[in-house]
Amino acid sequence: MSAAVGTLRGAPARFTGGLTELAPDTYAWLQPNGDWSESNCGLVAGADEAALIDTAWDLRLTQRMLAAVARQVDAPIRTVIATHADGDHVHGLQLLLGAEFVCSDHAAEELAHENPASLRRAQLGVRLLSRFGVGPPRRFGAYLHRMLSPFDFTGIDIRTPDLTFTGRLEMDVGGRELRLHRLGPAHTAGDTIVHVPDVATVFAGDLLFVGVTPNGWSGPISSWQAALHVIAGLEPEVIVPGHGPVSGLGELAQLDRYWSWLTARATRLLTQGRTVDETAAEIVLSDEFALEPWGRWDSPERTVGNVVLIDRARRGVPTPISHRERPALMWKVARLKATLDAAARP
Ligand SMILES: [Zn+2]
């Protein structure tokens, strides 16, 4: 028996974590609750080899996942697929040097921007800010300190892929067919799903968040919704999100509705002259938001990044939120979190 896998920041787990058998020789590794960097992985085993889908954000958490896999699956991991280039899905790749690393060509380009050393420096900086800062800088520091504190970014090397593809790639893993489709740009440019047709399962990466507000770095949202429609068209019985519990077409459709709902409301407020920050705050504090299913999702403060993408598309400049822009965005996210906390106090 493996030890229970709880959440990384002490919140009560809303679903069972750890290695979960979805179908014969087909597994998800679930990291409750799917909030910031609580990311899932997948494993598909064939006759004499297995493929891993994604890793955790650091080596220790990836080792824990690999140990659980080794107890359950005899076939060696000969392939590792990254659904996209975000660190919380690729930082453990160096533990699988014997396995061929596969990702989309867009994800390969984005990998070049991953910088674990800068995360180590940020970890120290935000810890100091959270202790010794004053006012908004302290609030920003505390938010990021909480986000980064479960992870150890020492010793991480970003791997270069052994094989990249454009559009689609079909692979044979010990007699199991895996179909990779690049469906970005959406969460990132390189977003890829892994469809395993013999068990009607899709590993969706961060095209699907369940129980937690999605965040997008790339967009546009219309492209994200198109990706969701492609997944639905595959008629999967099981969909493993990048963050959240094992799901299906219902959760996929709910995310599609969320994007339509948010796009309509944000566009209306932005057109009336509200700023991005005002728009996001007005939406997440509204009674109608609270009545929707997404009113109960974790981290509603991430709405502000989604409004940034909606605003850029509305103005005809649907550019991604670059790595350089991310600290400024996180400042807005931390500010919206403080606004929400203040509104929740009696
Ligand atoms: Zn992720």
Side-chain angles (χ1 to χ4, degrees), residues 3 5-13 17 31-40 54-65 85-95 110-111 113-158 188 206 209 212-215 217 242-243 277 280-281 284 298-305 308 321-345:
V5 173
T7 65
L8 297 181
R9 300 180 185 87
Q31 176 56 68
N33 280 330
D35 206 346
W36 285 115
S37 303
E38 291 176 331
S39 50
N40 298 331
D54 287 345
T55 76
W57 208 13
D58 71 11
L59 301 180
R60 182 181 58 86
L61 289 168
T62 303
Q63 268 157 349
R64 182 176 65 154
M65 177 269 294
D86 280 354
D88 59 328
H89 300 259
V90 301
H91 274 186
L93 286 169
Q94 74 202 65
L95 298 176
E110 290 175 308
L111 267 177
H113 298 283
E114 274 300 307
N115 187 345
S118 77
L119 283 170
R120 280 187 67 194
R121 290 193 295 275
Q123 224 170 8
L124 177 63
V126 297
R127 187 158 61 90
L128 292 173
L129 264 185
S130 72
R131 285 191 189 169
F132 305 114
V134 180
R138 183 188 183 109
R139 186 176 69 203
F140 172 76
Y143 189 87
L144 273 111
H145 174 56
R146 180 174 154 73
M147 178 180 164
L148 299 176
S149 61
F151 304 97
D152 178 356
F153 299 111
T154 51
I156 295 169
D157 297 317
I158 297 299
T188 66
D206 284 5
F209 289 78
V212 57
T213 308
N215 78 300
W217 303 117
H243 297 257
D277 300 69
V284 297
D298 284 345
S299 296
E301 63 274 14
R302 303 209 293 203
T303 304
V304 68
V308 168
I321 297 165
S322 68
H323 279 257
R324 191 173 293 182
E325 291 176 303
R326 291 187 189 190
L329 174 65
M330 292 310 298
W331 182 274
K332 290 171 182 283
V333 169
R335 186 163 57 195
L336 183 53
K337 168 75 169 139
T339 303
L340 284 163
D341 288 348
R345 280 196 287 272

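- Atom CG of Asp58 sits about 11.0 Å away from atom CG of Asp88, to the nearest 0.5 Å.
- Asn33 and Thr7 share no donor-acceptor pair across their side chains, judged by distance under 3.5 Å alone.
- In this structure Arg146 satisfies the salt bridge (charged side-chain N to carboxylate O under 4.0 Å, His left out) test with no other residue, sequence neighbours excluded.
- By the 4.5 Å heavy-atom criterion applied to side chains, Leu148 and Val126 are counted as neighbours.
- The two residues Leu111 and Ala85 come nearest to each other via the heavy atoms N-CB, 3.6 Å.
- The two residues Arg9 and Ser37 have their closest heavy-atom pair at NH2-CB, 4.5 Å.
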(request) Assess whether side chain to side chain contact (heavy atoms under 4.5 Å, CB included) is satisfied between Gln94 and Leu59, documenting all intermediate values. (result) CA-CA 8 Å; Gln94 74 202 65; Leu59 301 180; 3.7 Å; yes
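- With 3.5 Å as the limit, one finds a donor-acceptor pair spanning the side chains of Trp217 and Asp86.
- Closest of all the heavy-atom pairs between Arg302 and Thr213 is NH2-O, 2.6 Å.
- Residues Leu336 and Ala280 approach most closely at CD2-CB, 4.0 Å, considering heavy atoms.
- Here Ser130 contributes atom OG and Phe140 contributes atom CZ; the two are 11.5 Å apart, rounded to the nearest 0.5 Å.
- Listed by chain and number, the residues in a side chain to side chain contact (heavy atoms under 4.5 Å, CB included) with Pro327 amount to none (sequence neighbours excluded).
- Applying the side chain to side chain contact (heavy atoms under 4.5 Å, CB included) test to Gln63 and every residue at least two apart in sequence or in another chain returns Leu95.
- To the nearest 0.5 Å, the span separating CG on Leu144 from CH2 on Trp331 amounts to 10.5 Å.
- Taking the salt bridge (charged side-chain N to carboxylate O under 4.0 Å, His left out) definition, one finds that Glu301 meets it with nothing, sequence neighbours left out.
- Once rounded to the nearest 0.5 Å, the distance linking CG of Leu329 with CG of Asn215 reads 8.5 Å.
- Partner of Gln31 under the side chain to side chain donor-acceptor pair (under 3.5 Å) criterion, chosen from His243, Glu38, Arg64: Arg64.
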Compile the donor-acceptor pairs under 3.5 Å between side chains in residues 338-345 and protein atoms, sequence neighbours left out, one pair per line.
| unit_1 | atom_1 | unit_2 | atom_2 | d |
| --- | --- | --- | --- | --- |
| Thr339 | OG1 | Arg335 | O | 3.0 |
| Asp341 | OD1 | Lys337 | NZ | 3.2 |

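- Ion pairing between a basic and an acidic side chain is recognised when a charged N comes within 4.0 Å of a carboxylate O; Lys332 and Asp277 show such pairing.
- At a threshold of 4.5 Å between non-hydrogen side-chain atoms, the residues Ser39 and His89 count as touching.
- The closest side-chain heavy-atom distance from His145 to Arg131 is not below 4.5 Å.
- Annotation: side chain of Thr62 is not in contact with side chain of His91 (no heavy-atom distance under 4.5 Å).
- In this structure, a donor-acceptor pair under 3.5 Å is present between the side chains of Trp36 and Tyr143.
- Side-chain contact between Phe151 and Leu8 is present, with heavy atoms from C-beta onward closer than 4.5 Å.
- Every salt bridge (charged side-chain N to carboxylate O under 4.0 Å, His left out) that Asp298 has, sequence neighbours left out, goes to Arg14.
- How far CD of Glu325 is from CE of Met330: 14.0 Å, rounded to the nearest 0.5 Å.
- What you find for Pro150 and Arg60 is that their closest heavy atoms are O-NH2, 3.1 Å.
- Taking 4.5 Å as the limit, every side-chain heavy atom of Ile156 sits out of range of all side-chain heavy atoms of Arg120.
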